[in-house]
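Here's the structure, in structure tokens; my notes come after.
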There are 2 protein chains.
Amino acid sequence: MDGTVDLAPQELRTLVAVADAGGFSAAAVPLGSTQSAVSHAMRGIERKLGVVLFERGRYGARATPAGARAVAHARRVLRMLEVMVTETRGPGTGAVGGPLRIAAFRSAALHLLPPVLERLTAAHPAIEPTVHVVREIGPGTAGEVAQGRADLGIATIGTGSPIPPELVGDVLLEEPYALVHPAGHPAPRSLPLVDWAENCSSYTRAWWAAQDWIPAASVRAEDDGAVLSMVGSGFGMAIMPRLSLTAAPSSVEVTDLGAERPTRTVGYVTTPELAATAAVRALVRELRAGKK
Amino acid sequence: MDGTVDLAPQELRTLVAVADAGGFSAAAVPLGSTQSAVSHAMRGIERKLGVVLFERGRYGARATPAGARAVAHARRVLRMLEVMVTETRGPGTGAVGGPLRIAAFRSAALHLLPPVLERLTAAHPAIEPTVHVVREIGPGTAGEVAQGRADLGIATIGTGSPIPPELVGDVLLEEPYALVHPAGHPAPRSLPLVDWAENCSSYTRAWWAAQDWIPAASVRAEDDGAVLSMVGSGFGMAIMPRLSLTAAPSSVEVTDLGAERPTRTVGYVTTPELAATAAVRALVRELRAGKK
DNA sequence: CTGCCGCTATGAGGGCGGTTCATGGATCCG
DNA sequence: CGGATCCATGAACCGCCCTCATAGCGGCAG
């Protein structure tokens, strides 16, 4: 039915833009083009591939399963082309540079990455890292990487969320959870437990099961920062990972949970093709250096 | 100096063709194009990248260091585009297919791969594997993979030849060397030692150093198959890895070298971006299944 | 030195593909 | 039903890439 199929970079960009914008008309704007061109291009792409990639309708365009795969691949190919350009220009050894897109959940972005990026940019001034804060729920940071929206993700890794088979990565650290409560409170265990959506309860469930007490009530907050501020205001107590407790205000008190405390595993994830690039490798090196 | 640089697939193919053919005129043939088109295209590519990629002369065209990097990247990007097409069409789960280029050294191609490919093609009839036999000297099979000429390589892995940092891979098996000599020969140790270029002596050097005898003479043969046939004809004896001794004729006798015998490590190597593809993962799974 | 024979470079012209413009068709909404 | 907002489609346009023809360059043989 076909020999060698050529998908031009412009076509790949169209694919991505349509997926991002959710429609042909909307996609034309960031492409600096017109709705008609997008429509023609998409027709051509679908004809070349022999697959329907988007369902069109009154609402716009939604990716079919095949379309979603195509978009994820398109993002990666476009990124590879970018990498090809920067690595062809740069003399290979020595200075590495170019953009580096990092996806991280909130506490990692705030407390784990800064020193790492400090060292990275000191060693390679030409690298331009951007950090994208992503909720670690659903596909999470690994999803961002798999979809080609980020070059590297800082993710929580566990039996419930292993490194996806089409990605590569490694463990960076295993951090303990600790009890945090208002400083000087006479009976912290009587306070309601504050939790937040991102906190994967699977890490702490086993620990709770072994305890001989359960919290009086449970409250939900937006993110770990909000939890910490609520605890600091005396509204409750919480079980939080150490990263979220870095730079905790003096109005809270942190107490270790002992030998049986729950822990969570933090690692990095990257797309296999980017693991080979100089910039990603430099970042991974610095991440590991901070492992200690 | 530039915004977003577009390198069309046709331009990438031109890049690769010139590198392979060693000149613009010669490259035009496989491209089904003309020398002029190649020249124009190359000028455009170099202008876009702002780098000279090939040194031209009356001999043809030789890649500069930047050119070599560009070509290696181009091969990979083209392969990714191919993968994108096949994986967009295929329903993801279930049938995987498409071409799968394997580079292997001789004994692996003859004795390690057949059963693996047997199982692979049985499980996935749509996969079309091709095996490329490569001398495991110099860059070897890993070089083929790094240059984008193969999707996966079977390589010997050791301290002298670790997995290159820009590639990924794993160890498959550690196989012992054994002494092989003409069947029924009264004094095999008096025969000359037959060796071949591909045999990395570093594996056996330590073992020889611990022996209290050295061979009377040393002869070189073309490859391990030739060595085996020479031994079978009574011309000498040899120290060979087990893979090379699979299906050895009855005219030779194999004797184990005991607990202190030398060994070599055999593994696979693949480009990071291909490690994510369904076809490569299926092959790796079968390779590991044969590990036992 | 000169004619010849490999290369690549370059300029002019033509064809094809992608873009635009204008318009039509479908669907939802008030 | 008119309006709004999508996508589809066809014709005209424009630019890019390719081809053809030719020039330039450097050896090599006589």
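Note on naming: letters A, B, ... go to the chains in the order of the sequence lines (proteins, then strands), and numbering restarts at 1 for each one.
Scanning for side-chain hydrogen bond (donor to acceptor under 3.5 Å, both in side chains) contacts around Ser107(B) gives Arg264(B), with sequence neighbours left out. Legend: residues meeting salt bridge (charged side-chain N to carboxylate O under 4.0 Å, His left out) with Glu46(B), ordered by chain and number and at least two apart, are Arg56(B). In this structure Glu136(B) satisfies the salt bridge (charged side-chain N to carboxylate O under 4.0 Å, His left out) test with no other residue, sequence neighbours excluded. Residues that satisfy the side-chain hydrogen bond (donor to acceptor under 3.5 Å, both in side chains) test with Glu11(A), not counting sequence neighbours, are Lys48(A). In terms of the salt bridge (charged side-chain N to carboxylate O under 4.0 Å, His left out) criterion, residue partners of Arg149(B) (sequence neighbours excluded) are, by chain and number, Glu144(B). In this structure, the side chain to side chain contact (heavy atoms under 4.5 Å, CB included) partners of Arg101(A), at least two apart in sequence or on a different chain, are Arg79(A), Thr130(A), Asp151(A).
The pair Glu222(A)-Arg135(A) meets the salt-bridge criterion, since a charged nitrogen lies less than 4.0 angstrom from a carboxylate oxygen.
Residue pairs meeting the side-chain hydrogen bond (donor to acceptor under 3.5 Å, both in side chains) criterion with at least one member in residues 17-45 of chain B, sequence neighbours excluded: Asp20(B)-Arg75(B).
Of all nucleotides in DNA chain C having an atom under 4.0 Å from a heavy atom of chain A, the first and last in 5' to 3' order are dT19(C) to dC28(C).
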Its contact letters, B for base, S for sugar-phosphate only and - for none at protein heavy atoms under 4.0 Å, make nucleotides 9-28 of chain D read BB-------SBBB----BS-
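Across all strands, Gly44(B) comes closer than 4.0 Å to no nucleic acid atom at all (heavy-atom distances).
Between Glu55(A) atom CD and dA8(D) atom P the separation is 12 Å, expressed in whole Å.
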